[in-house]
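Below is one structure; the comments refer to it alone.
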There are 2 protein chains.
Amino acid sequence: MTSARPSTPQPPSRRIAEDLRRQIESGERSPGDKLPSERALAEAYGAARNTAREAIRILAEQGLVTAKHGSGVFVREPQRLFRFGSDRYSLKNRETGLTPFRLEAKKQGKVARIEVPSIAREKPPVDVAERLKVPADEESVVHRENHYFADDEPVQIVSTYLRWDEAQGTLLMQPKTGKDGIYGRLEELGHVMTRVRDEISARMPTPEEAATLELLPGVPVLEVLHTSLDQDGIPFEVSRYVHRADQTGLLYELPVE
Amino acid sequence: MTSARPSTPQPPSRRIAEDLRRQIESGERSPGDKLPSERALAEAYGAARNTAREAIRILAEQGLVTAKHGSGVFVREPQRLFRFGSDRYSLKNRETGLTPFRLEAKKQGKVARIEVPSIAREKPPVDVAERLKVPADEESVVHRENHYFADDEPVQIVSTYLRWDEAQGTLLMQPKTGKDGIYGRLEELGHVMTRVRDEISARMPTPEEAATLELLPGVPVLEVLHTSLDQDGIPFEVSRYVHRADQTGLLYELPVE
DNA sequence: TGCGCCAACTGGCTTGAGCCACTTACTGGC
DNA sequence: GCCAGTAAGTGGCTCAAGCCAGTTGGCGCA
């Protein structure tokens, strides 16, 4: 793809970045290793400190290194992925009495914690309104926001939207929703989850998301817009999952139809 | 989430970036609009050009703007997502005679083009070897690399791995694999696709991927590690899809088991 | 009219200097 | 033996200046 001879001479900052990248990928520098300081790098390459700094910025953007203020720049540890599977909706998980998140946390020997910062009646975002088939210009939904932590590290932000007319006055408006969680209550309302639709995309986080998830520069987020359909094909719940991509993966296992 | 009063005074570069971000999100600056030049921004905020430049870098990293050398900095257009569905493996799509990619391209009125840069016997990467259940230290697989384009814009890179002992001497070693593609040939070898496992993650692209996909800074990639299982639960094909996340989404629709 | 050149403007990248905030390790006093 | 204070080293961020390279549009020549 690139030309036979590297005809275009790379600018110094990129050359330094590529040197370091090669060293990291070849294992010459291992995860956790400290890189030379910006000042040392600059001197070694006969460049200005800003140029060395720019090289490190490039690597950080690629997710290869992390700078720790006052301490140094370190090769990033490969993260064990927390997997969220298509079976998170599975009925058989009900039997464990654990929510899918707690189950996955337990599998990895971590302590799960879930915060519910807000539950409120709201106007839905347009993409949610479309999928839940409610008007976008009225306060037609209940919005439940949840933050999930594993060993006190934030892992995902989940916004769940339910029809206001159904949720009104029920446990769905409370932080504790009772046995089997919201899906238990929704079943009592006549909605048995039969099919799900997950729309997946990836993007860079907003500043708010970066703060909430304590994301380092160069870490994207995975966004899943989830729709639950009941036995009649009626959408009764829409959720937006925002996962940190450095610690999270998704797993879908499905039959070919 | 943030403190009541913004006690920590943001550095100038961030302040400029946040100003611009707010203007973009409020619609004050629309997609396609040109931002003030670095020099103009610097003067307007009483800062050095480098500082204005840093602000723009921050926005670019968030995927909000794109710089065009010699021309200006522009608010990025929201991209229509090219959706790859779980039905890409579906048998019913066979009837159209089109591959899933060509089908999706046609839906969006774009011209699909597929390149096959290489087909070679290789040692598999460890993650592929694990899933295909072949040794990682031998040349046990055939690696087919494909590049997909829509209207000549690169959209995804796909690496397909097949067992060498099965593919050897068949059409699977050729660029043109005949009717119904590789899955047609694999069926003749006794593998009917019955279940699929897709492992999804997101990350920043490597420099090579950024070059091949013509990615702008601040655009992550979606990686799908796909495994096909046959009627006996035997994995017979593993593919790694690398999608550009600014134009691509994934759609999984599945029954709850 | 049409085309080619060129000036002005844009971002890309570097330099070298300086100040600040945070971390770490050592050192001296209690 | 402990602990507080400090000095040295680190990244975070800015400044002011300069050169380069790509783009654009207008001006003037043929």
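Sequence lines set the chain letters: A, B, ... in the order given, protein chains first and strands last, and positions in each chain run from 1. None of the values given here were measured: they were computed from a predicted structure.
- For A:R113, the salt bridge (charged side-chain N to carboxylate O under 4.0 Å, His left out) test picks out A:E115, A:D152, with sequence neighbours left out.
- B:Y241 and B:D198 share no side-chain donor-acceptor pair at under 3.5 Å.
- Between A:R14 and the phosphate of C:dC13, there is a side-chain N or O to OP1/OP2 separation shorter than 4.0 Å.
- In this structure, the side chains of B:R57 and B:P217 stay at 4.5 Å or more apart for every pair of heavy atoms.
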Please tabulate, one pair per line, each protein N/O and nucleotide N/O from nucleotides 22-24 of chain D that are separated by under 3.5 Å, including the distance.
{"residue": "D:dG22", "atom": "N2", "partner": "B:G70", "partner atom": "O", "Å": "3.0"}
{"residue": "D:dT23", "atom": "O4'", "partner": "B:G70", "partner atom": "O", "Å": "3.4"}

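- Partners of A:E223 according to the side chain to side chain donor-acceptor pair (under 3.5 Å) rule, which considers only residues two or more places apart in sequence or in another chain, are A:R203, A:R240.
- Note on A:S13: every side-chain N or O is 4.0 Å or more away from OP1 and OP2 of C:dC13.
- Every side chain to side chain donor-acceptor pair (under 3.5 Å) that A:E145 has, sequence neighbours left out, goes to A:H147.
- Distance, B:K34 NZ to C:dT10 C1': 7 Å, rounded to whole Å.
- Near DNA chain D, meaning a heavy atom under 4.0 Å away, the residues from residues 39-58 of chain A are A:R39, A:R49, A:N50, A:R53.
- With sequence neighbours left out, the ring-ring contact (aromatic ring centres under 6.0 Å, His included) criterion links B:F101 to B:F82, B:Y148.
- The main-chain N or O of A:L213 is found under 3.5 Å from a side-chain atom of A:R244 such that the two form a donor-acceptor pair.
- Formation of a donor-acceptor pair under 3.5 Å by the A:T51 side chain with backbone atoms of A:A47 is not found in this model.
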